[in-house]
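So the structure is just underneath, and the comments pick up after that.
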Amino acid sequence: MKYRFRRRPSSEAHIGNVTIGGTWPIAIQSMTNTPTLDTDASAAQVIRIAEAGADIVRLTAQGVAHAKNLENIRAKVREYGIDVPLVADIHFNPAAAFEAARHVEKVRINPGNFVDPGRTFKQLEYTDDEYAAELAKIEDKLVPLLRLCREHSTALRIGVNHGSLSDRIMSRYGDTPAGMVESAMEFLRVCVKENFTDVVISIKASNVVVMTQTVRLLVEAMDAENMHFPLHLGVTEAGDGEDGRVKSAVGIGSLLADGIGDTIRVSLSEAPEAEVPVAQALLSHIARMKDAEINYDLSNSPTSQLPNSPTPVAVGVDFAPDAIPEEYVVVTAETTNAPAELKGKILLLDGSRPVIARISYPSGRTLDDVTIAASVDLGKLLLEHLVDGIWIDAPHLPAEALASLSLSIMQATRRRISKTEYIACPGCGRTLFDLPAALHKVREATSHLPGLKIAVMGCIVNGPGEMADADYGYVGAAAGNVSLYKGKQCMVKNIPTDEALPRLIQLIKDNGDWTDPR
């Protein structure tokens with residue numbers, strides 16, 4: 001099933017037999033985690049992802065040899081009658097981008113490391129003339145790639161990630177949404193100047209608040225310069241299980257609900273094909289909202305003018321449904337044109353008391369369904385500080401599961417921190433250890449440390465830069481080896497994975513952030 005609904009007007013980008021943007025259906029993407037030099041394993045995983053329902057599949061290409069082998073992977077996939085477009089993921093190596101552009105339908109480059117040198121996290125100083133000279137270097141290196149892409153009908157994705165900004169951008173803008181947007185705009189201006197239009201932009205963060213703010217800021221910046229490139233949405237390093245699904249649904253869903261986004265990826269630290277049904281469920285929920293013309297009428301919200309709104313509460317966590325304190329007002333409303341399952345979704349907020357948003361889900365909805373739906377419905381309201389509490393009304397589901405979901409949604413929106421937070425990449429061909437197993441072990445040992453943020457990253461591409469929001473990091477360094485970080489500083493370098501967890505625990509203890517489990 002494909003999902004079409006009202007979206008922000010955008011131009012079209014052609015990726016093989018898939019068109020992104022315009023009025024075309026929102027496309028679902030995923031990414032392999034097999035070594036790109038392993039043709040058979042990579043082709044087999046591409047096929048599994050495509051058969052699960054993905055429209056586009058990405059593979060890492062860390063070197064020219066990996067980029068060249070994409071030709072063999074593509075041929076093998078096509079032998080099986082699978083015509084899903086392939087995307088090469090490039091970091092730090094422009095030569096690999098040039099090679100990949102000859103073999104796949106799209107090339108992804110990161111402005112933070114395509115032209116500027118590798119990150120040193122040092123503060124640099126530029127005069128305006130020196131800064132302008134650095135911008136000229138972008139044009140010098142990007143234009144030849146654009147021309148090669150045009151020659152081979154290859155699209156381009158400009159993918160900015162929070163924490164992987166170049167030292168140059170960081171020095172002028174800091175590690176901020178404004179810096180992320182400018183990093184993208186520098187490259188987009190070159191594309192416009194060259195009249196290269198098969199471009200998609202992604203601008204991601206593991207912090208849902210940063211991700212949504214930055215995408216909205218990018219839309220404003222593009223509109224101001226009359227650019228309308230299609231947008232790829234994702235919450236990077238979202239993790240796995242409930243956390244990964246909630247973060248992704250809150251971030252992606254709150255933007256899709258406002259008509260922003262043309263293609264999505266739900267990044268999970270699980271098998272890549274497991275990402276696809278979650279993305280499908282997310283799009284299905286958004287489609288239901290749009291088909292019923294469901295919108296949030298928040299114009300009279302009593303909390304919309306309160307930037308320092310209190311820590312939100314959750315019914316089923318802080319008090320029972322029949323014991324809601326009198327100072328709270330619970331808001332729901334009926335819609336005249338909505339199907340029965342969507343009754344109660346429009347929230348008409350008025351009054352002067354703290355507001356609890358109550359959304360009811362019918363008995364036919366499973367916990368997986370409600371996880372996605374509630375993350376979108378209530379996450380948007382929490383992100384925008386429009387409510388002071390939430391009530392996931394689904395009495396047919398286990399109360400304990402709904403309580404956990406409520407806390408996860410509040411944590412994803414950074415409105416209430418009650419758990420240890422894990423920032424974990426989904427893994428790719430660069431990952432040289434069992435990342436899902438490592439994440440499971442780290443969580444098992446540290447889940448009693450609420451408020452602490454721990455990153456589990458497959459390789460140096462995602463750490464230490466892209467785990468910028470983490471207190472501690474567990475980062476793949478080489479085959480079977482891991483480095484440990486405190487913030488962005490490497491504290492323990494290149495140790496065997498079987499030593500990594502106890503050493504991480506000791507590092508947390510040494511810095512006074514450990515408490516013994518109760």
| query | For E421 and K453, what are the C-alpha separation, side-chain angles and deciding distance, and is it a salt bridge (charged side-chain N to carboxylate O under 4.0 Å, His left out)? | reply | CA-CA 5 Å; E421 182 163 347; K453 296 188 284 292; 5.9 Å; no
Tell me, do [X] and [Y] make a side-chain contact under 4.5 Å, heavy atoms counted?
X    : Y    : result
V160 : F187 : no
P426 : R265 : yes
V57  : V87  : no
R216 : L255 : yes
L452 : T446 : no
E139 : R189 : no
V84  : I47  : no

| message | Could you report the tightest heavy-atom contact between M211 and L233, atom names first, then the distance? | response |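 Closest approach of M211 to L233, heavy atoms only: CE-CB, 4.4 Å.
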Between [Y] and [X], is there a salt bridge with N-O shorter than 4.0 Å?
X    : Y    : result
D471 : K486 : no
K137 : E186 : no
R147 : E194 : yes
D167 : R172 : no

| request: Take H232 and D262 through the test side-chain contact (heavy atoms from CB on, under 4.5 Å) and record every step on the way to the result. | output: CA-CA 6 Å; H232 172 67; D262 303 282; over 6 Å; no
| Chi angles and distances behind the side-chain contact (heavy atoms from CB on, under 4.5 Å) call for V77, D83 | CA-CA 7 Å; V77 169; D83 60 358; over 6 Å; no
| task | Using side-chain contact (heavy atoms from CB on, under 4.5 Å) as the criterion, point out the one residue from L217, I158, L218 that pairs with I203. | result |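 Result for side-chain contact (heavy atoms from CB on, under 4.5 Å) with I203: L218.
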| message | As a test of understanding, state which of S171, P111, S183 forms a side-chain contact (heavy atoms from CB on, under 4.5 Å) with L165. | response |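 Single side-chain contact (heavy atoms from CB on, under 4.5 Å) partner of L165 among S171, P111, S183: S183.
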| request: Evaluate the criterion side-chain contact (heavy atoms from CB on, under 4.5 Å) for residue pair I454 and Y474; output intermediate values, then yes/no. | output: CA-CA 8 Å; I454 301 175; Y474 179 113; 5.6 Å; no
Output side-chain donor-acceptor pairs under 3.5 Å for residues 28-35, partner residues at least two apart or in another chain, one line each.
{"unit_1": "Q29", "atom_1": "NE2", "unit_2": "T263", "atom_2": "OG1", "d": "2.8"}
{"unit_1": "S30", "atom_1": "OG", "unit_2": "P272", "atom_2": "O", "d": "3.2"}
{"unit_1": "S30", "atom_1": "OG", "unit_2": "E275", "atom_2": "OE1", "d": "2.7"}
{"unit_1": "N33", "atom_1": "OD1", "unit_2": "Q45", "atom_2": "NE2", "d": "2.9"}
{"unit_1": "T34", "atom_1": "OG1", "unit_2": "S42", "atom_2": "OG", "d": "2.9"}

Kindly compute the distance separating [atom1] ([X]) from [atom2] ([Y]), expressed to the nearest 0.5 Å.
X    : Y    : atom1 : atom2 : value
R157 : F229 : CZ    : CZ    : 15.5 Å
R414 : I417 : CZ    : CD1   : 6.0 Å
M491 : S483 : CE    : OG    : 12.0 Å
H162 : E237 : NE2   : CD    : 10.5 Å
C191 : D198 : SG    : CG    : 10.5 Å
L484 : L504 : CG    : CG    : 5.5 Å

| query | Cation over ring, R168 on Y126, under 6.0 Å and within 45°? | reply |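 Relative to the ring axis of Y126, which defines the angle, R168 lies outside at least one limit.
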| request: Examine K141 relative to F114 and say whether NZ or CZ is less than 6.0 Å from the centre of the six-membered ring and inside a 45° cone about the ring axis. | output: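 Judged by the rule, K141 and F114 form no cation-pi pair.
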Between [X] and [Y]: side-chain donor-acceptor atoms closer than 3.5 Å:
X    : Y    : value
D240 : H440 : no
K419 : S408 : yes
H91  : N93  : no
D116 : S166 : yes

| task | Show your working on salt bridge (charged side-chain N to carboxylate O under 4.0 Å, His left out) between E105 and R78 and close with a plain yes or no. | result | CA-CA 13 Å; E105 285 77 16; R78 299 294 181 259; 3.2 Å; yes
| query | After noting the C-alpha distance and the side-chain angles of T39 and N69, does the key distance pass the side chain to side chain donor-acceptor pair (under 3.5 Å) rule? | reply | CA-CA 7 Å; T39 302; N69 198 53; 3.0 Å; yes
For the side chain of [X] and the backbone of [Y], is there at least one donor-acceptor N/O pair under 3.5 Å apart?
X    : Y    : value
E151 : L148 : no
R108 : G159 : yes
N161 : S164 : no
R58  : D89  : no
R503 : L507 : no
S267 : A238 : no
S248 : R245 : no
T36  : T60  : yes
N113 : F92  : yes
S284 : Q280 : no

| So with a 6.0 Å cut-off around NE2 of H228, is the heavy-atom count from everything else above 12? |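 More than 12 heavy atoms, drawn from other residues, nucleotides or ligands, come within 6.0 Å of this atom.
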| query | Above 12 or not: heavy atoms from other molecules or residues under 6.0 Å from NZ of K441? | reply |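 Check fails, neighbour count at 12 or below.
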| task | Kindly determine whether R74 and E79 satisfy salt bridge (charged side-chain N to carboxylate O under 4.0 Å, His left out), including the steps that lead there. | result | CA-CA 9 Å; R74 186 175 183 272; E79 284 177 15; over 6 Å; no
| said: Applying ring-ring contact (aromatic ring centres under 6.0 Å, His included), can you list everything that pairs with Y80, at least two apart in sequence or on another chain? | reply: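 ring-ring contact (aromatic ring centres under 6.0 Å, His included) list for Y80, sorted by chain: empty.
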| message | For I495 and V492: C-alpha separation, side-chain torsions, deciding distance, then whether side-chain contact (heavy atoms from CB on, under 4.5 Å) applies. | response | CA-CA 7 Å; I495 57 174; V492 182; 3.6 Å; yes
| task | Begin with the C-alpha distance, continue with both residues' side-chain angles, and end with the deciding distance and a verdict on salt bridge (charged side-chain N to carboxylate O under 4.0 Å, His left out) for K380 and D258. | result | CA-CA 10 Å; K380 178 177 172 61; D258 287 342; 2.8 Å; yes
